[in-house]
2 protein chains.
Amino acid sequence: MQTREPLRRSDCPISYALDLFGDKWTLLIIRDMLFKQKQRYGQFAESEEKISTNILADRLARLEGEELVTKEADPENGRQVVYALTSKGLDLAPMLIEMILWSAKYDRHSAADRTFIRKAMSDRGQLVKDVKSRARG
Amino acid sequence: MQTREPLRRSDCPISYALDLFGDKWTLLIIRDMLFKQKQRYGQFAESEEKISTNILADRLARLEGEELVTKEADPENGRQVVYALTSKGLDLAPMLIEMILWSAKYDRHSAADRTFIRKAMSDRGQLVKDVKSRARG
DNA sequence: CTGTATCCTTAGGGATACTG
DNA sequence: CAGTATCCCTAAGGATACAG
């Protein structure tokens, strides 16, 4: 699967965002990194939505290309590859939190998934700080 | 174009949201209704991203099916069709505002589109109230 | 103006085998 | 474990003609 240069439909900021992650998979990877502390290919692959490996590889490459994510060798195990969010990627947290809160309000199924809804509800501002400091630490 | 029932990949709230509007067009229609006071088919069709009419009709039908949007005859002109956001649709405003702010921060092109960035920046909380009261009024 | 319908092309993506 | 590669099918979507 060849990753082409990102399109550019208009100068609208919403359009820009959608051109980058307006699909059904990209934000799930961001979610895994942001809220579930996942950082390895295999961990993304085993998420319950079952992304297939070719799509996963494609999306990781795009995210790296857009500098939302870095890809590096684990310092403690050189053969281990580790993905991490850049500050550009971490800054998606507020948007994702609002998305979580909206779904929690309107969908009873996702409201049952308490994994990070409670965090998101407690304090939107504080959560962002938490996520960032955890990512640094 | 047949609109099928929405998929359900998992109980995750982010996955739920993406299953509803995780594509390149749906949120642009919401944007037009929320920030540009558009309410007619023709107005959506003339947005600069140039959605084609079959996709537009499909997305409007889905949004109506998900009760994010209502479709009614204009009370002042019975032949005129008017689309409006439900409260469920209006509640997407905070998420879209965060999306706008993120793009404004990281994309110089969309930062040049001042249409609603300034509003979004001034006061996130107040903007939501403004949008809702404007929609009611 | 508000759509529908049709044609056609491409991108998305599932399944799975394979490799270093 | 971390991917690549291939096969193949379907959904997405552009263009455009047509209809009420």
Side-chain angles (χ1 to χ4, degrees), chain A residues 1-10 15 18-29 32-33 37-65 69-84, chain B residues 1-10 15 18-29 32-33 37-65 69-84:
Chain A
M1 190 172 286
Q2 177 76 2
T3 295
R4 25 356 39 96
E5 79 282 16
L7 40 121
R8 183 87 227 183
R9 290 179 295 174
S10 77
S15 166
L18 293 176
D19 289 345
L20 291 189
F21 46 75
D23 72 285
K24 296 210 182 296
W25 293 110
T26 304
L27 288 181
L28 294 182
I29 299 173
D32 285 349
M33 302 182 78
Q37 285 71 55
K38 295 187 179 182
Q39 47 185 4
R40 293 185 296 102
Y41 187 94
Q43 292 178 311
F44 304 134
E46 70 196 11
S47 287
E48 61 177 337
E49 293 86 6
K50 291 298 163 209
I51 189 171
S52 58
T53 59
N54 53 347
I55 304 298
L56 176 56
D58 173 79
R59 294 303 187 276
L60 286 170
R62 290 191 199 188
L63 286 170
E64 208 189 341
V69 159
T70 57
K71 176 182 184 177
E72 290 175 6
D74 186 333
E76 301 174 7
N77 177 355
R79 315 193 340 161
Q80 180 78 356
V81 177
V82 168
Y83 294 92
Chain B
M1 190 171 286
Q2 176 76 3
T3 295
R4 23 356 42 90
E5 77 283 14
L7 40 120
R8 183 87 227 184
R9 290 178 294 173
S10 77
S15 166
L18 294 175
D19 289 343
L20 291 188
F21 46 76
D23 72 285
K24 296 211 181 297
W25 293 111
T26 304
L27 288 181
L28 294 182
I29 299 172
D32 285 350
M33 302 182 78
Q37 286 70 54
K38 296 187 179 182
Q39 47 185 4
R40 292 185 299 99
Y41 187 95
Q43 292 177 311
F44 303 133
E46 71 195 9
S47 287
E48 61 177 337
E49 292 88 4
K50 289 300 163 209
I51 189 170
S52 59
T53 59
N54 52 347
I55 303 299
L56 176 55
D58 174 78
R59 294 303 188 277
L60 286 170
R62 290 191 198 190
L63 287 170
E64 207 191 340
V69 159
T70 57
K71 176 183 183 176
E72 289 175 7
D74 186 333
E76 300 174 8
N77 177 355
R79 315 191 342 160
Q80 181 77 1
V81 176
V82 169
Y83 294 92

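None of the values given here were measured: they were computed from a predicted structure.
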[options]: which one has an atom nearest the side-chain heavy atoms of [X]?
X	options	answer
B:Trp25	D:dG14, D:dC1, C:dG13	D:dG14
B:Ile55	C:dA15, D:dG13, D:dT4	D:dG13
B:Arg59	D:dG13, D:dA2, D:dA17	D:dG13
A:Asn54	D:dT4, C:dA15, C:dT4	C:dA15
B:Ala57	D:dG3, C:dT4, C:dG12	C:dT4

Tell me, yes or no, whether the heavy-atom count around B:Gln37 atom CD, taken from other residues, nucleotides or ligands under 6.0 Å, exceeds 12. yes
With side chains defined as the heavy atoms from C-beta onward, is the minimum distance between A:Tyr41 and A:Thr53 less than 4.5 Å?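 In short, these two side chains touch, coming nearer than 4.5 Å.
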Are B:Met33 and B:Val69 close enough that some pair of their side-chain heavy atoms sits under 4.5 Å apart?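 B:Met33 reaches B:Val69 side chain to side chain.
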It should be established whether [X] places a side-chain nitrogen or oxygen under 4.0 Å from OP1 or OP2 of nucleotide [N].
X	N	result
B:Gln80	C:dC1	no
B:Arg62	D:dA12	yes
A:Lys71	D:dG3	yes
A:Tyr41	D:dT4	no

Go through the N and O atoms of the side chain of B:Thr53 and the base of C:dT2, and report whether any donor-acceptor pair is under 3.5 Å. no
Using only heavy-atom distances, decide whether a donor-acceptor pair under 3.5 angstrom links the side-chain of B:Ser52 to the base of D:dT16.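 Checked by distance alone, the answer is no.
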Quick one: [X] [atom1] to [N] [atom2], roughly how many Å, whole number?
X	N	atom1	atom2	value
B:Asp19	D:dA12	CG	C1'	16 Å
B:Arg9	C:dG13	CZ	P	8 Å
B:Gln39	C:dC1	CD	P	15 Å
B:Lys38	C:dT2	NZ	P	12 Å
A:Glu76	D:dC1	CD	C1'	17 Å
A:Asp74	D:dG3	CG	P	13 Å
A:Arg79	D:dG3	CZ	P	13 Å
A:Asp23	C:dG14	CG	P	11 Å

Do any N or O atoms from the side chain of A:Lys24 and from the backbone of B:Leu18 form a donor-acceptor pair under 3.5 angstrom? yes
Quick check: does any side chain N or O of B:Asp19 sit under 3.5 Å from a backbone N or O of B:Arg9, one acting as donor and the other as acceptor?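 At least one qualifying donor-acceptor pair exists.
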How would you label the contact of B:Arg40 with the nucleic acid (heavy atoms, under 4.0 Å): base, sugar-phosphate, or nothing? sugar-phosphate
Once you apply a heavy-atom cut-off of 4.0 Å, does A:Phe44 come out as touching a base, just sugar-phosphate, or nothing?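 Nothing: the residue A:Phe44, judged by heavy atoms under 4.0 Å, touches no strand.
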Write down the atom of A:Phe44, the atom of A:Lys38, and the distance for their closest heavy-atom approach. CE2-CB, 3.7 Å
Hey, which sits more toward the 5' end of DNA chain D by its nearest nucleotide, A:Lys24 or A:Gly42? A:Gly42
